[in-house]
Visitor: 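Here you go, one structure.
Indexing begins at 1, ligand by ligand and atom by atom, following the structure's order.
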Amino acid sequence: MKNVFNFSAGPAMLPYEVMAQAKEEFLNWRDSGCSVMEVSHRGKDFIDVAAQAERDLRDLLNVPDNYHVLFTHGGGRGQFAAVPLNLSSQDQSSLHLVSGSWSEGAVSEAQKYNKPVVVGNVSEKDGKQFVEKPAFDASWSEAAYYHFCPNETVDGIEFTWLPEAGDVPLVADMSSTILSRPLNVSDYGVIYAGAQKNIGPSGLSVVIVREDLVGNARQETPSIFDYSLLAGSDSMYNTPPTFSWYLAGLVFKWLKAQGGLEVIDKRNDEKATLLYTEIDNSDFYQSQVHPANRSRMNVPFQLAQPDLDSVFLKKAEEAGLMALKGHRSVGGMRASIYNAMPVEGVVALVEFMQEFERTHG
Ligand code: PMP
């Protein structure tokens, strides 16, 4: 087997043990002679898998009983549309904190369905990108919901505080941070995430929605996006992405076997500290994000000499360190270090960065 560490932002690497198990049972799942992706979603075996995955996710995140957990289609962007359609009328406003390109994308999509109001933007502090918590304004209280993205995958901007929203339900795009730390689900009206970073393969999205926010979808809402239809059918209103759902279930079991989110949280701290310490200790590498908002999942960094970018990437690949090229809108490098990235992967990257600086700095 090729021994590499994959720093892709998503679809991203999955835990080795999960992939090994999927391989083991790929052709003959549960002694059925078939693959899990060849059986009906309405058969007892798959229903067991689906229900177990939901139970494990509920355990991991301590999801209260008054929340539905939906396994659905359309990725993160699907929810950019599903949220306004389920939660707002055309004349209502939605509040948006724009902390990077994905929360910006949510505003553009909401513009089709309601009246989005941007209540905060990325600013600068000490010459670095910084997100200030907007003070609550009483005039916002009529808004349908308050949308934010606690971890911006492209920009590498993360914050762990909750926006002040009064009684307006908080809606969080957690595509690139879900399951990276414990969470108090009761603080949110809706949490959603595309699967392809910390949950499983692409094609699946997870929505955790408070009961009272379900059942108000607009008449024109596509049925597959209607939270009420999804909740009422155990997310089987139509054929769900069964293989992704099965694999997500294996990832949830893996997370539990690791010791749950407290253990994962510490490991994520350890990995991010290793990498940011290297960036801070060197003039050769730089981060454009203020230390208060540095993402633990996506670490963009720049070389002081951008003309070395392509050599850096080539040598990194030769060393088995894959997919480090930064997003085209940011440039430079980006190391995505989701839950599945072992500490050794980050150590290997830091050692490579030190060696590259020694030989090219
Ligand atoms: N939100 C965030 C934070 C993301 O990182 C992404 C994808 N990288 C999206 C939304 C869009 O997700 P998808 O491609 O699954 O629609």
Visitor: Considering I178, D173, N298 one by one, which has a heavy atom nearer to atom 10 (C) of ligand 1 than any of the others?
Guide: D173

Visitor: Side-chain heavy atoms under 4.5 Å apart, restricted to Ile/Leu/Val/Met/Phe/Trp/Tyr: what other residues fall into the cluster of V107, or is it alone?
Guide: V98, V118

Visitor: Need the ligand 1 atom indices (1-based, order shown) with element for anything under 4.0 Å from a heavy-atom of S175.
Guide: 1 (N), 2 (C), 3 (C), 4 (C), 10 (C)

Visitor: Taking 4.0 angstrom as the limit and counting only heavy atoms of F80, give me the atoms of ligand 1 inside it, by number and element.
Guide: 10 (C)

Visitor: Salt bridge check, D48 against K44: does any charged N sit closer than 4.0 Å to a carboxylate O?
Guide: yes

Visitor: Got a sec, which hydrophobics cluster with F130, joining ILVMFWY side chains under 4.5 Å apart, including via others?
Guide: none

Visitor: Under 4.0 angstrom from ligand 1, any heavy atom of C149?
Guide: yes

Visitor: Checking the side chain of N114 only, and the main-chain atoms of S89 only, is there a donor and an acceptor separated by less than 3.5 Å?
Guide: no

Visitor: Looking at A323, is its backbone amide N or carbonyl O close enough to the side chain of S8 to form a donor-acceptor pair, meaning the two atoms are under 3.5 Å apart?
Guide: no

Visitor: Could you tell me, atom by atom, which parts of ligand 1 come under 4.0 Å of a heavy atom of G75?
Guide: 15 (O), 16 (O)

Visitor: Among K197, E152, H327, R77, whose heavy atom sits nearest atom 8 (N) of ligand 1?
Guide: K197

Visitor: Given T153, V154, D155, which has its nearest heavy atom closest to atom 5 (O) of ligand 1?
Guide: T153

